[in-house]
> 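My questions all concern the structure below.
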Amino acid sequence: MPTVISSDPRRWWALTALVASMLTLGFDMTILNVALPTMAGDLGASTGEQQWLADAYVVVFAALMLPAGLLGDRFGRRLMLVTGLGIFLAGSVMGALAPDVTWVGAARAVMGVGGALVMPLALSVLPSLFGPDERSKAIGVMSAASALGMPLGPILGGWLLDHFWWGSVFLVNVPMVGIGVAACLFLLPETRDPASPRVDITATALTAAGLGALVYAIIEAPTRGWGDPLVAGFLAGAVVLLAGLVLRERRAARPMLDMELLRHRGFLVNALTATLVTFVLAGLLFLLPPYLQTVLGHDALGTGLRLLPMMAGLLVSARGAQPVVARFGPRAVVGCGLVMLAFAAFLGSRTAPDSGYGFTALWLTVTGLGFGFAVVPAMDGALAALPADRAGSGSGLLMTLRQVGGAIGIALLGSLLAGAYRDRLDVTGLPGPAADTAGESVVAAHLVAERTGTQGLAASANSAYVHGMGLVLLVCGVAALVAALLTAAFLPATRSPEGEESAGPAMAGPEADARQ
């Protein structure tokens, strides 16, 4: 056990180091989504390439989160936290200076390495700073910082894009990371746990390769077809690699990914619910900016501001979820949150190119409320279902599953959108190269229409994109309804008292409950 310095008045200043770190990660969850339409126009990025720009970060983050925590335990949490912030800084500078899509994707992957070190280690140093009586308050502050980054990210990103070039959304990380590094070096104590398990390099490689192969196959499928040998080969490879990971972890004496936790019904159902919600949220944050920016014609800052109803709904319901759970029980609240999410998705699927923003704001608000009421009790309930001595490994597995859900959400829902858009787009009269370019994304179609003067191409692209978005929302609605039925059937009506004290740290994510 680390030594607690709860009597040191600097501990609250030390918390600022962690807040700066979490706020930076919160920004990066959403700031790129607003920049994607601009980057697509400037760099000529297709929908598939835009999916990779978003997923390169998430896949690496998910694959490295568990080993990153173990590295901090063995070699020093402050050292690894500062190292993670330094890597994140290097990736940000690399992204700002990148000359093409490939280099931006590589920069995002580097940032994923840094983020994977920062997230779990920022949480793991709390026990060395605060005693049990103050820890929940500290977790609440960190949760609020991470949650605040989500709505601020699109607004800040939109303002930067209206005044500077797209690389500015990467450079904004530099001062925040600088503050975090300085605060960590001067204010955080060094702690470690030499008895922690060694990092399993093979398991880490299997995770990264398996997730990467799966995401690649899903992204390429709309263009090549599901029966294409390359797509089928990557899908088969992903199955083999991930199956190998499960077999290896089941045989390990001290597994990095504790699969036995999935035997706990309460943990399993809640974890699947939280993963599904992250799947839907990541997909929506990918498809909404092109709709707001290109179809409705708002500038980047206007796009960021118009995402606020969903973020506001999420934060309101996340904060209010706990007292509602105390009165009605987690099964009722999670189920109602999922039904709200399904209703919002079905309502959103009725969006037409001429619906206007008012209708969009309505279903976005309901979407945010459903997210919060579903994910907060699910996250708390997942760890509350476990014995207290398994809360650490349970938190790591839960965070990893959510990141995997986000990566697959961007890949699968983005691919569904791309395929539906391409099938519906009318490119009659366009030469082959121009037609292919217009089929890459709605942004590209507008650029082609502007350059060639093709009548009706922009309107056809808008209609095709909204059709694809409606199809994606229908899928999200059906998935949310199925999850609601599973919750009603299998989730315990009351929360187990086991592990309740340890449930908090897992909440320090983008949808965290800043209830304290």
Side-chain angles (χ1 to χ4, degrees), residues 23-45 47 50 53-54 57 92 95-98 104 107-108 111 145-177 281-316 348 351 353-365 367-368 371 410 441-447 450 458 461-462 465-466 469 510:
L23 191 58
T24 302
L25 293 187
F27 278 148
D28 207 67
M29 288 290 294
T30 54
I31 196 171
L32 182 79
N33 296 84
V34 174
L36 282 177
T38 303
M39 294 170 69
D42 292 350
L43 299 176
T47 298
Q50 292 176 62
L53 293 182
Y57 176 87
S92 299
L97 302 178
V104 175
R108 291 281 294 167
M111 293 170 68
S146 182
L148 185 64
M150 285 191 73
L152 288 182
I155 297 173
L156 179 61
W159 184 86
L160 289 170
L161 289 167
D162 280 355
H163 293 82
F164 307 101
W165 92 117
W166 57 261
S168 60
V169 301
F170 291 96
L171 281 185
V172 73
N173 292 328
V174 174
M176 291 297 298
V177 172
L281 178 61
L284 285 182
L285 287 175
F286 178 80
L287 65 87
L288 281 169
Y291 167 69
L292 295 170
Q293 199 163 332
T294 306
V295 177
L296 295 187
H298 301 294
D299 60 16
L301 177 58
T303 296
L305 290 172
R306 284 167 177 80
L307 287 173
L308 281 181
M310 183 169 70
M311 302 299 181
L314 192 157
L315 293 177
V316 168
T351 303
D354 58 352
S355 292
Y357 175 68
F359 180 69
T360 302
L362 172 64
W363 65 263
L364 282 182
T365 303
T367 299
F371 279 139
I410 294 169
S441 70
V442 65
V443 176
H446 275 253
L447 291 174
E450 183 180 333
N462 291 347
Y465 191 88
V466 171
M469 189 173 78

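All residue numbers in this chain count up from 1 along the given sequence.
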> Take Val169 and Phe164 through the test side-chain contact (heavy atoms from CB on, under 4.5 Å) and record every step on the way to the result.
CA-CA 9 Å; Val169 301; Phe164 307 101; over 6 Å; no
> What distance do Asn173 atom CG and Ser168 atom OG have between them, rounded to the nearest 0.5 Å?
10.5 Å
> Do the non-hydrogen side-chain atoms of Leu160 and Trp166 ever get within less than 4.5 Å of each other?
no
> Compare all side-chain heavy atoms of Leu161 with those of Leu301 and state whether any distance is below 4.5 angstrom.
no
> What distance separates His446 NE2 from Asn462 CG, expressed to the nearest 0.5 Å?
3.5 Å
> What is the distance from atom CG of Leu307 to atom CG of Leu288, rounded to the nearest 0.5 Å?
6.0 Å
> Answer yes or no: is there a side-chain heavy-atom contact under 4.5 Å between Val295 and Met469?
no
> Mind running side-chain contact (heavy atoms from CB on, under 4.5 Å) on Tyr357 and Leu292 for me, showing each step along the way?
CA-CA 8 Å; Tyr357 175 68; Leu292 295 170; 4.1 Å; yes
> Of all heavy-atom pairs between Pro290 and Val442, which one has the smallest distance, and what is that distance?
CB-CG1, 4.1 Å
> Not counting sequence neighbours, list each pair that qualifies as a side-chain hydrogen bond (donor to acceptor under 3.5 Å, both in side chains) and has a residue in residues 296-305.
His298-Arg306
> Is it true that Thr360 and Tyr291 share a donor-acceptor pair across their side chains at a distance under 3.5 Å?
yes
> For residues Phe371 and Leu284, determine if any side-chain heavy atom of one lies less than 4.5 Å from a side-chain heavy atom of the other.
yes
> Give me the atom names and distance for the closest heavy-atom approach of Pro309 to Ala361.
CB-O, 3.9 Å
> Any non-hydrogen side-chain atom of Ile155 less than 4.5 Å from a side-chain atom of Leu308?
yes
> Taking the side chain as everything from C-beta on, heavy atoms only, tell me whether Trp363 gets closer than 4.5 Å to Thr351.
yes
> Measuring from atom CG of Asp354 to atom CZ of Phe359, what distance do you get when rounded to the nearest 0.5 angstrom?
11.5 Å
> When you measure from the side chain of Arg108 to the backbone of Leu53, do you find a donor-acceptor pair of N or O atoms at a distance under 3.5 Å?
yes
> Output all residues satisfying side-chain contact (heavy atoms from CB on, under 4.5 Å) with Leu171, sequence neighbours left out; order by chain, then residue number.
Ala96, Trp165, Val174
